[in-house]
Amino acid sequence: MVKFHNNDKISLILQCMKKIFIVPGFKQKTTDKQFVWLKRFLIAKGFTVSLVPITWERATMTDYAVEFESFYEKHKVKDNYVLGFSYGAVIAFITANKLKPKKIYLCSLSSDFKEDVRSMKPRIAKYIGKRRISDSLQRSGKEIAQDLAVPAVVFYGEKEGRQYPQLKIRCEETARLAKQAKLVVVKGSPHAIDHPEYITAIKAQF
């Protein structure tokens, strides 16, 4: 009989696990009510769920990406997946090639790239702030999509697509340009990951 030391046992358990990182939207927390169903569902599907804390205040998307990369490297296992919502989807998208998860789920991928800035409404620009807009000019959504080496599922809601047409463009273009991507248009859904149709659409992809 082969005997394992405690460290060996822990290592073996980690190698057998599959983990999914949930990255919330701008100024959200993964402990917020809208993510409760998602955590429960993913646990039921056999995932270990890692809720990603992001320090939103006084930081840019580049900062968020670095923060997530550090968190991911500390908590990753053998088989890792990432699901991001809105700004969280941008974080998952722009870090995917570096972190190399098995698959990413981009829910309502925000239009936070240099191609999107000129279409941004003044009230949205004010809410986001000058530093974040300046930061978004440093990355191309098209180029990142073309270079994406990780399989992806891209979601957006029909209703949010009408409300935020540039988000719709970003999601559709990303799915079209990426080599291994699937686009899911969620019937009648607004920008809400806990909308019944959004829930149904996500569940269908696991």
message: Assess whether a salt bridge exists between Asp116 and Arg170, defined as any Lys/Arg side-chain N lying under 4.0 Å from an Asp/Glu carboxylate O.
response: yes

field: Exercise: identify the closest heavy-atom pair between Met120 and Ser111
entry: CE-O, 4.3 Å

- prompt: Can you tell me how far the CD1 atom of Ile128 sits from the CZ atom of Arg123, to the nearest 0.5 Å?
  reply: 10.5 Å

query: Looking only at heavy atoms, what is the nearest atom pair of Lys27 and Tyr127, with distance?
result: CD-OH, 3.8 Å

message: To the closest 0.5 Å, what do you measure between NZ (Lys182) and CG (Leu106)?
response: 14.0 Å

message: Over 60° means perpendicular and under 30° means parallel, so tell me whether Phe206 and Phe47 are parallel, tilted or perpendicular.
response: perpendicular

- line: Hits for side chain to side chain contact (heavy atoms under 4.5 Å, CB included) against Ile94, two or more places apart or cross-chain, chain-then-number order -> Met61, Ala65, Val90, Phe113, Arg139, Ile144

- prompt: Between Lys103 and Tyr81, is NZ or CZ placed under 6.0 angstrom from the six-membered ring centre and within 45° of the ring axis?
  reply: no

message: Ignoring hydrogens and geometry beyond distance, is a side-chain donor-acceptor pair present between Asp112 and Ser136 at under 3.5 Å?
response: no

field: Passing option when His191 is tested against Phe85, Phe26, Tyr156 for ring pair (Phe, Tyr, Trp, His ring centres under 6.0 Å)
entry: Phe85

- request: Identify the two heavy atoms, one from Ile199 and one from Asp194, that lie closest to each other, and give their separation to 0.1 Å.
  value: CD1-O, 3.4 Å

- prompt: Which pair of heavy atoms, one from Tyr64 and one from Ala59, lies closest together, and at what distance?
  reply: OH-O, 2.9 Å

Rounded distance [0.5 Å steps], NZ in Lys187 versus NZ in Lys159: 14.5 Å

field: For Tyr72, ring pair (Phe, Tyr, Trp, His ring centres under 6.0 Å) partners two or more places apart
entry: Phe21, Phe68

field: Basic-acidic side-chain contact under 4.0 Å: Glu115, Lys142
entry: no

message: How long is the straight-line distance from CG of Leu148 back to CD of Glu143, given to the nearest 0.5 Å?
response: 13.5 Å

field: Side-chain donor-acceptor contact under 3.5 Å, Glu67 with Thr55
entry: yes

query: What are the two closest heavy atoms between Val23 and Ile91, and how far apart are they?
result: CG1-CD1, 3.9 Å

- request: Verify whether one side chain among Ser110 and Ser86 offers a donor that lies under 3.5 Å from an acceptor in the other.
  value: yes

